[in-house]
Number of protein chains: 2
Amino acid sequence: MKRATSKDVAKLAGVSQTTVSFVMNNTPNVSLSEETRKKVLDAANQLQYIPNSFARGLKTSQSKLLGVFLPTMDNPYYPMLMQYIEKYTARLGYSVILCCTYRNPEREKAYLDLCEEKHMDGVIYLFTPNWMKRVVQLSHTIPVVLLSEKSDDIPLNTISLNGFRCGYLVAKYLLDLGHKSIAFLMSSVSSVSLTRTKRLEGIRSAIRDAGLPPETLQVFTAPLGDSGQSEAEAGYSIMEQLLKRKDITAVIGVNDLVAFGALSCVLNSEDKRVPQDVSICGFDNIYLTTMTRPKITTVSYCTEALCELAVDMVLKATGDSDVLKLASEPQLIVRESTGPAPGTSGQCVSS
Amino acid sequence: MKRATSKDVAKLAGVSQTTVSFVMNNTPNVSLSEETRKKVLDAANQLQYIPNSFARGLKTSQSKLLGVFLPTMDNPYYPMLMQYIEKYTARLGYSVILCCTYRNPEREKAYLDLCEEKHMDGVIYLFTPNWMKRVVQLSHTIPVVLLSEKSDDIPLNTISLNGFRCGYLVAKYLLDLGHKSIAFLMSSVSSVSLTRTKRLEGIRSAIRDAGLPPETLQVFTAPLGDSGQSEAEAGYSIMEQLLKRKDITAVIGVNDLVAFGALSCVLNSEDKRVPQDVSICGFDNIYLTTMTRPKITTVSYCTEALCELAVDMVLKATGDSDVLKLASEPQLIVRESTGPAPGTSGQCVSS
DNA sequence: TTGTAGGCGTTATCAG
DNA sequence: CTGATAACGCCTACAA
């Protein structure tokens, strides 16, 4: 049973294809009689007419498709953003294609090609591209927005997550709480990402500003397993080591997953408590951080708003307009997993 | 700058469009000279020729698009399946459109329509549809596969998660461990789903088979917040109540998220320990279950294999062939969160 | 082995 | 206000 075409509708309604098109699209600057309109609508309904998007695309070269690039779904951060994007685009009449790269440049490139082939109306990157050259090239054809870390030398619209500021915020907060020996926990995948590097820089900067020595921060990187859960594993295993030491009083996970792993570890130890003995915090504000007890202190970027903004930018972009660079103002979300350093009176020195 | 078309390539290569088409598609039963082939390939390369999928679709009515329906991304179970599906389809040259319904029938219907409009080559449902009539209708046009609970009266290809068996497995396991008073924890969204009902039936059946009274199982439902994290919240808050009682020795979450919430609660209590005082387990085998300490006992359905199977079914389906019904054979994954009932010698009675 | 020609279902430009 | 008619870019008999 073949699908009804606009021609069929026209025939049934006793009008021309053109008229059908006008009615279906509510074409402006065309006024048709109520009668014709109704006739067409009825016919369309009766035949269950659904416009063929191929034909339409051929004419309009609009696909109503958006490509969303992400490295993995294993970190809930990405599905969360994905969902925000989907929720918003659906309202605008666009659909979303999942472009999961697994941090594999080949896959990334393949999806980039796909974007052209399918004439996607826009591309949103939730991480820093690996094929920068190709992405920039693509951006001449299709609007691209990066929702990740900003790199000044990239000529692409980007909404920066402002990793530096995130790191600074967290570190300043811990420093104000009296912590003098802080650990930064990275999984090995972390090293890849610009965002994560920036977070580290931010932390270091806060320490410097506080007049403390660089040794205040110690960085630990766990070897990587193969699967995504290894981020939490990483946090757990590094924390196991750290528990043997007396000096560390605060732990910053490179993201919430790592922080979660670290927290699990401490929760399982007999002698240490969070936050009385160790403070733990992360970045991203994924839902996990509110599901644990204690709930995890973290940094949020108003992700939903940023996602909507990214969509707006991508859809509004008119050809090669000026490159837009925005930075989110991250917010520290203090919850239960952080507190004054042990042996401190605990006054919060912040302004 | 307009995209190159096959006509451009033909002109540059000094051949006809037809030849270009032949070369690009490696059309069988056509042998062209190495020379022409190379000429065309070079020209295509030089012009960065990418076939226009609209035009191609218009002829072939294939979109190389798959619609994946899921209720939410908040439960990691769904992103996990989504990722499995994406990983596999990408290899087969298909892309995936995220159809997130938020359990809202209107959205679901809208996406169903979209599937027709975009001529998707297949649709995979990761939950039980709400517009069964519409889905069945759609299935006459587009292959549909359900990866969820089987309902005998639904004329759709389905891979059943076999919720009944899942419930049975878990219950039998706990019963064998000597538990005589078991709680089943549901969030209020759970009540919607067929899968979850089946799990409950399976549990009850196991109890019956063990010759124990129905009161062995007590069912608790938490009121629903608005967001997805409330599944874990539900587990947590119900567990808070249960901790005040002495009778319950084992808790089954309607899914891993609920189980996780329950676990968090117990972990935070002073007097109870998992699994010594309470056993906790769930369903789905999401990555969270291995991230906690103790790791959570759960049921797995070999989801990756099932996802690939679903994709195969959807792509191989030739028109209205016979409806295929498969059932997964779920596997109990015993981890650290379950153990013998308190006061039991703890022998495992299982064969 | 290669080229010609027609059509897929829309939209858009013109006349009427 | 409505109706022919011509593309859009590709595929595919069929012809050469």
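Naming: A, B, ... by sequence-line order, numbering from 1 per chain.
- Phosphate contact (OP1/OP2 of dG9(C), side-chain N/O of T5(A), threshold under 4.0 Å): absent.
- No donor-acceptor pair closer than 3.5 Å links the side chain of T89(B) to the backbone N or O of S95(B).
- Around NZ of K11(B), the count of heavy atoms belonging to other residues, nucleotides or ligands within 6.0 Å does not exceed 12.
- What separates CG of D8(B) from P of dC10(D) is a distance of 9 Å, to the nearest Å.
- One can place NZ of K11(A) at 17 Å from C1' of dT10(C), the figure rounded to the nearest angstrom.
- In this structure, CZ of F22(B) is placed 11 Å from C1' of dC14(D), rounded to the nearest angstrom.
- Using a 4.0 Å cut-off, no side-chain N or O of N52(B) falls inside it from OP1 or OP2 of dC8(D).
- For the pair S21(A) and dT10(C), the criterion of a side-chain N or O lying under 4.0 Å from OP1 or OP2 is not met.
- Nearer to the 5' terminus of DNA chain C, by closest-nucleotide assignment, is the contact made by K59(B) (compared with the other of K59(B) and Q17(A)).
- Going from atom CE of M24(B) over to atom P of dT12(D) covers 15 Å, rounded to whole Å.
- Here S16(A) does not reach the OP1 or OP2 of dT2(D): none of its side-chain N or O atoms lies under 4.0 Å away.
- When only modelled atom types and interatomic distance are considered, E86(B) and Y102(A) share a side-chain donor-acceptor pair under 3.5 Å.
- The shortest distance between the side-chain N/O atoms of S6(A) and the OP1/OP2 oxygens of dG9(C) is not below 4.0 Å.
- One atom, NZ of K39(B), and another, C1' of dT2(C), lie 10 Å apart when rounded to the nearest Å.
- When each of V15(B) and L58(A) is assigned the nucleotide of DNA chain C bearing its nearest heavy atom, the one mapping closer to the 5' terminus is V15(B).
- As a whole-Å value, the separation of H119(B) NE2 from dG9(C) P is 8 Å.
- With hydrogens and angles left out, the side chain of T18(B) and the base of dT4(C) share a donor-acceptor pair within 3.5 Å.
- Neither OP1 nor OP2 of dC8(C) sits under 4.0 Å from any side-chain N or O of S61(B).
- Note: Y111(B) and F69(B) have perpendicular aromatic rings, judged against thresholds of 30 and 60 degrees for the angle between ring planes.
- A straight line from CD of E117(A) to P of dC10(D) spans 11 Å, rounded to a whole angstrom.
- Residue N25(B) contributes atom CG, which lies 13 Å from atom C1' of dG9(D) at whole-angstrom precision.
- For R56(B) and dC11(D), the shortest distance from a side-chain N or O to OP1 or OP2 is below 4.0 Å.
- The heavy-atom pair separating V96(B) from V68(B) by the smallest distance is CG1-CG2, 3.9 Å.
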